[in-house]
Amino acid sequence: MEPQEKKQKLNFHIIAGSGIVAIGLIMMLDNLGLEFPSWLLSWHTIMLGVGLWMGYRRDFKISTWLILVIIGGIYTLSDLPFVDLSGYRGALVLIGLGVYMLLKPAKSYACDGFDAKKPIQF
């Protein structure tokens, strides 16, 4: 069990460190005069990236990542020059969250500590 835990920590440190270095390099190049799109380092693009990263880390099973991706994706799309969502952002966020709530599978609750997935211990 120990090697798997070390492997997961190593992957987290490599991905997080690489992401921080990449953001720092982009900021430094931007300050040196190399122009980057304004949406590249905005809060909603970072939210989109964090949402996708959270989903990947948990094999897209836990649905919290989807909320971040919906909000970040809509605001990132609205910053692109060829997409005009200026009057629709709030409505699209609410529609996306509503569809997510409607399609989210319902949790099954155990009855008196009995769960159908676990064998009964005698």
- request: Using the test side-chain contact (heavy atoms from CB on, under 4.5 Å), find all partners of I74 that sit at least two apart in sequence or belong to another chain.
  value: I70, R89, L92, V93

query: By side-chain contact (heavy atoms from CB on, under 4.5 Å), which residues pair with M27, not counting sequence neighbours?
result: I23, L41

- line: Distance col, row L97:CG vs L102:CG, nearest 0.5 angstrom, shows 11.0 Å

message: Quick check for you: to the nearest 0.5 Å, what is the distance between I71 atom CD1 and L94 atom CG?
response: 9.5 Å

Sub-4.5 Å side-chain heavy-atom contact between L25 and M28: yes

message: Is there a continuous path of hydrophobic side-chain contacts, each under 4.5 Å between heavy atoms, that joins W43 to L52?
response: yes

